[in-house]
Trainee: 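To start, I am sharing the structure in question, which I have written as structure tokens.
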Amino acid sequence: MAKVLTSRSESYAQWYNDLVIKAGLAENSAVRGCMVIKPYGYAIWEKMQRALDDMFKETGHQNAYFPLFIPKSYFSKEADHVEGFAKECAVVTHYRLKNSPDGKGVVVDPDAKLEEELIVRPTSETIIWSTYKNWIQSYRDLPIKINQWANVVRWEMRTRLFLRTAEFLWQEGHTAHATRQEAVEESETMLRVYAEFAEKWMAMPVIQGYKTASERFAGALETLTIEALMQDGKALQSGTSHFLGQNFAKVFDVKFASKEGKEEYVWATSWGVSTRLMGALVMAHSDDHGLVLPPKLAPIQVVIVPIYKKEEELAQIVEVADKIAAGLKQLGVSVKVDADDNHKPGWKFAQYELQGVPVRLAIGPRDLKNQTVELARRDTLTKDLMPTEGIENYIKALLDEIQASIYQRALAFREENTRKADSYEEFKQILDDQGGFVLAHWDGTDETELKIKEETKATIRCIPIGSPDEPGKCMISGKPSQRRVVFARAY
RNA sequence: CGGGGUGUAGCACAGCCCGGUUAGUGUGCCUGCUUUGGGAGCAGGAAGUCGCAGGUUCGAAUCCUGCCACCCCGACCA
């Protein structure tokens with residue numbers, strides 16, 4: 001069995017492979033570590049995109065698109081100034097193929113060598129800031145608040161489906177501001193947008209906080225993160241927002257004339273979430289029956305499965321099903337009536353559970369007679385016989401309840417698995433026995449952080465925002481600490 | 001890039017150690033009949049360059065060499 005997402009958790013492995021093949025969420029492609037997202041899985045991503053995009057627009061952003069290929073020279077500029085930013089990149093060196101001289105297949109035409117290599121974007125800072133340079137002259141041109149939906153390629157040493165694929169889909173926001181304060185606020189606003197999306201749409205509670213210096217994005221003055229806890233007790237960084245200061249402006253020479261007539265460098269932010277969120281969604285909620293989707297992100301919210309013996313029965317049932325479906329659509333609920341005769345009801349039940357459809361209705365001859373439907377909830381796996389009358393409004397309300405219920409369950413899980421440790425011994429004990437988030441005191445030094453990482457594999461996920469002051473002592477050095485930070489083993 | 005593992009039908013695997021007819025099993029697929037309130041039953045059928053390239057041998061899925069791909073554990077990261 002493919003143990004792809006959580007190698008330490010058998011439960012996912014049991015159904016994951018089925019899901020990949022039958023539900024079409026994704027599968028490894030022949031292209032190294034890239035992923036194939038089949039239509040059903042992509043529909044989930046589209047719902048995520050739409051919700052996020054609306055939130056970006058509400059916060060004053062616009063979408064734009066920049067090139068996939070970036071001349072190598074753009075990178076050398078950046079690499080001089082941004083240590084460690086050099087990614088594993090795919091490089092285009094030629095622009096033509098020709099028939100192989102030996103008559104077998106094709107070869108790269110050596111005469112078609114590019115003068116300057118092109119890099120397939122691993123991220124778009126370089127090309128976007130090179131462009132912003134031409135767009136910005138005056139404070140009147142600011143702020144620029146642009147988002148790009150795109151694919152990027154990072155030739156990672158090791159890939160993990162959804163969590164770290166060679167090619168992935170994401171959005172990257174890149175903003176330019178006249179003042180430091182405005183940029184800081186922007187980075188904080190976008191972190192809040194991500195947190196709200198994770199909690200309200202994905203039903204996944206997150207901890208918002210600051211990354212430590214060692215975990216910061218290369219070139220950022222501050223990196224903000226949302227951290228979620230997966231069901232196997234490991235943390236997943238689910239989104240980041242960076243305050244970049246004037247670093248990129250200086251590298252790419254982006255200056256503007258201020259109101260006072262002075263020449264100043266602009267202040268920048270960048271922020272992004274990726275198809276990693278699909279992995280987060282799977283790992284946060286799913287059970288051994290398959291996906292559990294929060295209704296707000298489910299491509300199909302309600303499925304109606306007819307149960308019948310004869311054609312006439314089917315016709316009668318479909319008539320009732322269509323009526324319910326029409327009523328649900330009026331209420332803005334997405335619904336599918338599966339009258340496909342190729343599969344039996346039991347097969348369909350299992351299939352829609354695998355796909356995480358939140359509500360399933362079954363209608364058979366018995367129900368026709370009694371004017372009832374059998375309603376099954378995916379999140380609780382419970383079934384109830386309900387009167388057909390008024391079922392549409394009941395379902396509409398139930399979907400909200402399921403959304404809230406899935407969130408509450410994930411929140412309860414996180415709270416149960418968030419523990420305080422006051423000594424290093426206790427800290428290690430918790431990590432080994434239970435996992436989850438561990439709140440502990442840290443003296444703020446890189447050395448202590450590194451020591452803990454090397455000895456326990458746990459990293460500081462973040463210094464949480466808005467946590468109460470609680471003076472204490474670093475569990476390693478005994479030096480004073482103002483508040484606890486969040487540790488965990490992570491993906 | 002270091003360590004480990006796996007490549008055999010659409011998918012999941014057995015066979016390999018110890019070479020020997022026509023390469024199997026489950027599932028999926030096709031046809032027919034019976035079925036349909038939790039992944040249907042029976043009968044018949046189609047489907048394989050045994051990852052690739054060499055080598056050893058009368059004979060290779062099986063032994064040897066090289067290469068490739070994928071998975072897992074590290075280093076790296078959204």
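Here is how names work: the chains are called A, B, and so on, in the same order as the sequence lines, proteins then strands, and each is numbered from 1. The structure presented is a predicted model; accordingly, all values stated were derived computationally and were not measured.
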Trainee: Yes or no on ring pair (Phe, Tyr, Trp, His ring centres under 6.0 Å) for A:Trp170 and A:Phe168, after CA distance, side-chain angles and deciding distance?
Mentor: CA-CA 7 Å; A:Trp170 79 346; A:Phe168 58 95; 5.7 Å; yes

Trainee: Mark yes or no for a side-chain to base donor-acceptor pair under 3.5 Å between A:Arg154 and B:C77, with no hydrogen or angle criteria applied.
Mentor: no

Trainee: Please determine if a side-chain N or O atom of A:Lys344 lies less than 4.0 Å away from the OP1 or OP2 oxygen of B:G39.
Mentor: no

Trainee: Which base sits across from B:U25 as a Watson-Crick or G-U pair, both distances under 3.5 Å?
Mentor: B:A12

Trainee: Could you tell me how far B:C13 sits from B:G5 if I compare only their C1' atoms? Round to whole Å.
Mentor: 16 Å

Trainee: Give the nucleotide from the list B:G39, B:G38, B:G37 with an atom nearest to the side chain of A:Glu374.
Mentor: B:G37

Trainee: Which one is paired to B:G59, where only Watson-Crick or G-U wobble pairs with both distances under 3.5 angstrom count?
Mentor: none

Trainee: Could you tell me if A:Lys428 sits above the aromatic ring of A:Tyr424, with its cationic atom closer than 6.0 Å to the ring centre and no more than 45 degrees from the axis?
Mentor: yes

Trainee: Give none if B:C17 has no partner; otherwise give the nucleotide forming a Watson-Crick or G-U wobble pair with it, both distances under 3.5 Å.
Mentor: none

Trainee: Let me know the distance between CG of A:Asp338 and P of B:G39, rounded to the nearest Å.
Mentor: 16 Å

Trainee: Which one, B:G74, B:A78, B:G37, comes nearest to the side chain of A:Phe168?
Mentor: B:A78

Trainee: Give the rounded distance in Å between these two atoms: CZ of A:Phe217 and P of B:C77.
Mentor: 11 Å

Trainee: May I ask you to check if A:Arg121 and A:Phe69 form a cation-pi contact, with NZ or CZ under 6.0 angstrom from the six-membered ring centre and within 45° of the axis?
Mentor: no

Trainee: If I take atom CG in residue A:Asp384 and atom C1' in nucleotide B:G37, what distance separates them, rounded to the nearest angstrom?
Mentor: 15 Å

Trainee: What's the CH2-P distance between A:Trp149 and B:A78, to the nearest Å?
Mentor: 18 Å

Trainee: Side chain of A:Lys453 only, heavy atoms from C-beta on: which candidate in B:G37, B:G74, B:C76 is closest?
Mentor: B:C76

Trainee: On RNA chain B, does the nearest nucleotide to A:Gly346 precede the nearest nucleotide to A:Arg164 from the 5' side, or the other way round? Give the residue.
Mentor: A:Gly346

Trainee: Could you check how far CH2 of A:Trp45 sits from P of B:A78, rounded to whole Å?
Mentor: 15 Å

Trainee: Just checking, is any N or O donor in the side chain of A:Lys200 or A:Tyr407 under 3.5 Å from an acceptor N or O on the other one?
Mentor: no

Trainee: Over all strands shown, is A:Gly364 touching base, sugar-phosphate only, or nothing at heavy-atom distances under 4.0 angstrom?
Mentor: base

Trainee: Between A:Ser124 and A:Gln148, is there a side-chain donor-acceptor contact under 3.5 Å, judged purely by atom types and distance?
Mentor: yes

Trainee: With both distances under 3.5 Å as the test, what is the Watson-Crick or G-U wobble partner of B:G74?
Mentor: B:C1

Trainee: Can you tell which of B:U36, B:G39, B:C76 lies closest to the side chain of A:Asp341?
Mentor: B:U36

Trainee: My understanding is that a pair needs two contacts under 3.5 Å, Watson-Crick or G-U wobble. By that rule, which nucleotide pairs with B:U49?
Mentor: none

Trainee: In Watson-Crick or G-U wobble terms, both distances under 3.5 Å, what is the partner of B:A69?
Mentor: B:U6

Trainee: Starting from the C-alpha separation in whole Å, work towards a yes-or-no answer on ring pair (Phe, Tyr, Trp, His ring centres under 6.0 Å) for A:Tyr132 and A:Phe252.
Mentor: CA-CA 9 Å; A:Tyr132 281 3; A:Phe252 292 95; over 10 Å; no

Trainee: Ignoring hydrogens and angles, does a donor from either the side chain of A:Lys383 or the base of B:G38 sit under 3.5 Å from an acceptor on the other?
Mentor: yes

Trainee: A:Arg276 has a side chain; which of B:G37, B:G74, B:A78 sits nearest to it?
Mentor: B:A78

Trainee: Are A:Thr131 and A:Trp129 close enough that a side-chain donor and a side-chain acceptor fall under 3.5 Å?
Mentor: no

Trainee: Who does B:C42 pair with, Watson-Crick or G-U, both distances under 3.5 Å?
Mentor: B:G32

Trainee: Roughly how many Å is it from CG in A:Asn342 to C1' in B:U31, rounded to a whole number?
Mentor: 14 Å

Trainee: Select base, sugar-phosphate, or nothing to describe what A:Glu172 touches, counting heavy atoms under 4.0 Å on all strands.
Mentor: nothing

Trainee: Which is true for A:Lys310 with a 4.0 Å heavy-atom rule: it touches a base, it touches only sugar-phosphate, or it touches nothing?
Mentor: nothing

Trainee: Can you measure A:Phe197 atom CZ to B:A78 atom P for me and round it to whole angstrom units?
Mentor: 19 Å

Trainee: Looking at every strand, decide which applies to A:Glu313 at a 4.0 Å heavy-atom threshold: base, sugar-phosphate, or nothing.
Mentor: nothing

Trainee: Between the base of B:G38 and the side chain of A:Gln351, is one N or O donor paired with an acceptor at under 3.5 angstrom?
Mentor: no

Trainee: Starting from C1' on B:A78, measure out to CZ on A:Arg216 and report it in whole angstrom.
Mentor: 18 Å

Trainee: Return the nearest nucleotide to the side chain of A:Tyr308; candidates are B:G38, B:C76, B:U36.
Mentor: B:U36

